[in-house]
There are 2 protein chains.
Amino acid sequence: MERGRGALGPALELVHTGRAPTRAVLTTELGVTRATAGAVAAELEALGLIQVDPRPVAAGSQGRPSHRLSIAPRGPVVLAAQIHADGYRAALVGLGGRMVATAPGCMDVPADPAHIIDAVVEAGAALLRESGRRCLGAGLAVPSAVAEPEGTALNPLHLSWPVGAPVRELFDEALAKSGVLGPDASPVPGVTGNDVNLAALAEHRHGAGRGARHLLCVATGHRGVGGALVLDGRLHSGSSGLALEVGHLTVNPAGLPCHCGSRGCLDVETDPLAFLTAAGRAPGPAVSLLQQARDLLRSEYDDPSVRAAAELIVDRLGLGLAGLVNILNPDRILLGGLHRELLEADPERLRAVVADRSLWGRSGGVPILPCTLDFNSLIGAAEAAWQPVLDDPLALLG
Amino acid sequence: MERGRGALGPALELVHTGRAPTRAVLTTELGVTRATAGAVAAELEALGLIQVDPRPVAAGSQGRPSHRLSIAPRGPVVLAAQIHADGYRAALVGLGGRMVATAPGCMDVPADPAHIIDAVVEAGAALLRESGRRCLGAGLAVPSAVAEPEGTALNPLHLSWPVGAPVRELFDEALAKSGVLGPDASPVPGVTGNDVNLAALAEHRHGAGRGARHLLCVATGHRGVGGALVLDGRLHSGSSGLALEVGHLTVNPAGLPCHCGSRGCLDVETDPLAFLTAAGRAPGPAVSLLQQARDLLRSEYDDPSVRAAAELIVDRLGLGLAGLVNILNPDRILLGGLHRELLEADPERLRAVVADRSLWGRSGGVPILPCTLDFNSLIGAAEAAWQPVLDDPLALLG
DNA sequence: TGACTTTGTGCCGACGCTAAACAAAATACG
DNA sequence: CGTATTTTGTTTAGCGTCGGCACAAAGTCA
């Protein structure tokens with residue numbers, strides 16, 4: 001009796017990522033009998049996580065039509081929070097990566113990490129009270145490497161935070177303070193991570209990275225370049241959370257000095273500022289560097305100097321990606337931020353450079369694709385927050 | 001009834017790696033009850049894989065003394081084979097990484113991959129007939145990247161083999177031909193891999209890498225530099241077997257041209273030839289480059305020019321390792337071949353360079369250690385061959 | 001020698017699954 | 001239009017694997 005406990009987590013993950021639209025495919029995907037799959041679905045429905053729609057799914061093939069499995073429309077959510085250079089965002093995210101509620105982005109940012117984390121958690125908590133939903137976890141994305149197991153921010157460059165700010169601790173405290181409580185009045189467990197890492201997780205679950213075994217993501221936002229690696233569905237953040245700090249690969253030996261002590265690093269040679277400089281444009285203070293670079297690329301790509309600058313940056317980026325391909329041998333690469341724009345402006349050039357400069361580029365070539373969720377760190381933070389539920393639904397809900 | 005089937009594989013792995021000397025610690029390591037651990041041990045003993053020594057282990061603490069668990073002395077073996085620049089080696093390896101029998105290394109190497117693979121397998125098969133042991137698998141290490149899933153050698157640089165030689169196919173054919181047969185007269189499954197990768201696996205199971213979560217290995221033998229990564233006990237060879245081709249990291253922007261098209265690659269800047277050249281010695285034809293470099297380092301380290309050459313190579317190697325640390329964030333690094341000798345000659349210098357040039361070197365610093373099995377690819381090949389048995393002992397023996 | 005501590009084993013029950021038979025709901029075909 | 005076929009869902013029985021528990025065994029400690 002009580003069939004289907006061990007398969008509960010994998011089953012929920014299949015529904016969550018949209019790979020199990022019906023109980024029939026759930027059966028085959030899990031490799032269990034129909035009886036077990038049915039029991040699993042019933043259990044997940046009883047937990048309020050999924051919904052079995054009795055209306056048969058549009059048939060078209062022979063046999064009895066299967067009922068549709070979907071995420072429960074008013075099921076539990078997680079609190080997702082993101083802090084970036086210009087402010088913060090908060091949202092509630094349900095299973096399936098669906099945004100349930102979003103707080104208006106706030107732009108006046110207190111410099112103190114404790115205050116801004118309190119503020120973003122409070123914004124999320126307000127959404128939560130408003131919605132009346134149950135909250136099963138919380139995730140925070142910050143633009144910095146987060147050391148494991150300490151949970152401290154090691155390079156919050158865009159935030160004027162102190163190096164080593166204890167972000168995980170602050171997040172947990174803020175969650176406890178603002179009454180984001182679990183069923184037994186205990187604060188929900190907080191997950192804190194680097195924004196690019198978390199965004200890569202989101203792309204892997206719900207975006208262009210779906211189905212990749214070894215997914216490499218590289219993105220540039222304002223300054224610097226971030227990387228992330230998802231191996232067999234799990235974020236690889238190294239033994240102390242510092243993996244994929246790809247910004248200091250050398251891509252231009254005679255290039256600009258970098259704060260790391262070397263020169264010509266990917267960080268300073270392919271970010272929006274490097275592009276603007278290469279195009280001979282002085283960056284203005286009005287909008288973000290990414291926005292200025294994006295505008296320039298979109299509106300003046302005909303201008304030879306802009307085009308030449310784009311090609312120069314693409315060549316450098318390709319060199320860096322080739323180095324990463326030689327080391328990591330991913331089966332898919334996603335680009336975000338300005339790198340994505342550059343890829344879309346001239347996909348063939350980047351692919352050719354990577355194939356030419358990586359050792360085994362000829363033998364197939366890695367697909368290089370633009371991200372589809374715009375490197376949404378909010379959904380990524382939610383994804384990380386959902387992970388404990390996906391791993392063992394009964395532990396938090398039984 | 002028949003307790004302890006699911007835990008059979010993990011239990012065997014614990015005994016295999018020497019982490020379960022008694023049933024008592026097996027109980028705690030597996031996280032099961034004493035009853036289950038006892039049943040697991042009995043099952044493994046019935047399969048002829050391990051031995052329960054009734055003589056109590058030397059006590060010293062209170063309570064009933066535990067019986068000793070050990071590898072069955074005349075249990076099954078795997079066939080391990082290695083092909084290198086100067087010839088080939090074959091051996092039988094039991095559980096626990098113990099060499100059971102070794103064929104004398106052969107030095108007259110036919111250029112044709114099919115012939116040499118036939119020869120090394122036949123040497124192993126002869127050992128097997130001699131020993132009368134049961135053979136449960138076979139592994140082959142080759143000095144080349146092996147593409148997945150094709151099983152072809154992509155850069156057999158030291159062997160004058162054709163690029164793309166189908167080594168896995170040839171190995172499987174040779175196994176079938178030479179009568180290395182399983183219980184049901186089917187040929188044992190062959191595993192083929194890169195020698196540095198397999199050696200890293202051996203170091204992780206039985207050498208200096210034991211217990212590391214993210215183990216990075218770097219070694220240089222004759223020409224070029226090889227790398228390998230073991231993540232959570234599993235070899236990471238990328239999506240197509242080509243990961244950790246670390247030889248083409250740039251460590252000297254103004255350095256020597258490399259066949260990859262760039263210049264100053266780790267491959268050409270830190271191998272034995274680079275060291276000999278930097279020391280102003282012309283390489284002789286008598287012994288291998290590695291041997292010449294090793295001799296020079298050991299006997300003339302007082303000579304200022306030799307010392308300066310060593311420091312130069314160490315600095316370049318440190319730069320490459322720092323780059324890898326930034327990307328992979330391992331919790332241990334092992335060095336082999338000449339790199340190991342250089343580390344042992346001046347451990348502090350290399351560690352200082354890596355700490356200085358990696359982003360988070362200050363925050364702890366990665367332990368950099370010499371390998372202890374001398375990067376034994378034979379044991380590594382055996383380790384890979386044992387893996388299916390460790391994963392599910394009953395599948396092959398039940 | 002007797003108390004205590006730790007290890008090994010036999011028995012039972014709970015849990016989680018498969019297998020198999022049956023029921024239900026569509027399409028395919030005469 | 002009705003029956004056969006195909007596929008899906010559900011019920012029941014049964015079995016394998018593990019935890020819990022009681023008891024036995026084998027040492028140390030006082």
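A, B, ... follow the sequence lines: proteins, then strands. Residue 1 opens every chain.
- For the residue pair A/N329 and B/S240, a side-chain donor N or O sits within less than 3.5 Å of a side-chain acceptor on the partner.
- When rounded to the nearest whole Å, the span between CZ of B/R68 and P of D/dG27 equals 15 Å.
- Checked against C/dA19, D/dT8, D/dG27, the side chain of A/A35 finds its nearest nucleotide in C/dA19.
- When each of C/dT27, D/dG19, C/dG8 is scored by its nearest atom to the side-chain atoms of B/T33, the top-ranked nucleotide is D/dG19.
- Nucleic acid contact for B/G6: sugar-phosphate only, since backbone atoms but no base atoms lie under 4.0 Å from a heavy atom of the residue.
- Distances shown here put every side-chain N or O of B/S61 at or beyond 4.0 Å from the OP1 or OP2 atom of D/dG27.
- D/dA24 atom C1' lies 13 Å from atom NE2 of B/H67, rounded to whole Å.
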Under 3.5 Å, side-chain donor or acceptor atoms of residues 73-80 of chain B against the rest of the protein: list the pairs with distances, not counting sequence neighbours.
{"residue": "B/R74", "atom": "NH2", "partner": "B/S131", "partner atom": "O", "Å": "3.2"}

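- Between B/E45 atom CD and C/dG8 atom P there is a gap of 13 Å when expressed in whole angstrom units.
- With no hydrogens or angles considered, a side-chain donor-acceptor pair links B/R23 and B/H67 at under 3.5 Å.
- Distance, A/R5 CZ to D/dC18 P: 18 Å, rounded to whole Å.
- We find that CG of B/L26 is positioned 12 Å from P of D/dC18, with the value rounded to whole Å.
- B/D391 and B/R234 are joined by a salt bridge, as a carboxylate oxygen and a charged side-chain nitrogen come within less than 4.0 angstrom of each other.
- Here the side chain of A/A24 is nearest to one of C/dT7, D/dG9, C/dT27, namely D/dG9.
- Relative orientation of the B/H16 and B/W386 rings is tilted, given thresholds of 30° and 60° on the angle between their planes.
- Of the two residues near DNA chain C, A/Q62 and A/V40, the one whose nearest nucleotide lies more 5' is A/V40.
- Within 4.0 Å of A/A7, counting heavy atoms only, lie sugar-phosphate atoms of the nucleic acid but no base atom.
- Residue A/R23 places at least one side-chain N or O under 4.0 Å from the OP1 or OP2 atom of D/dG9.
- We find that CD of B/E43 is positioned 12 Å from C1' of D/dT17, with the value rounded to whole Å.
- The base of C/dT7 sits within donor-acceptor range of the side chain of B/R64, with an N or O pair under 3.5 Å.
- Taking atom CZ of A/R34 as the reference point, atom P of C/dA25 lies 15 Å away to the nearest angstrom.
- Between D/dG19 and B/T36, a contact under 4.0 Å exists linking OP1 or OP2 to a side-chain N or O.
- One can place CZ of B/R3 at 9 Å from P of D/dG19, the figure rounded to the nearest angstrom.
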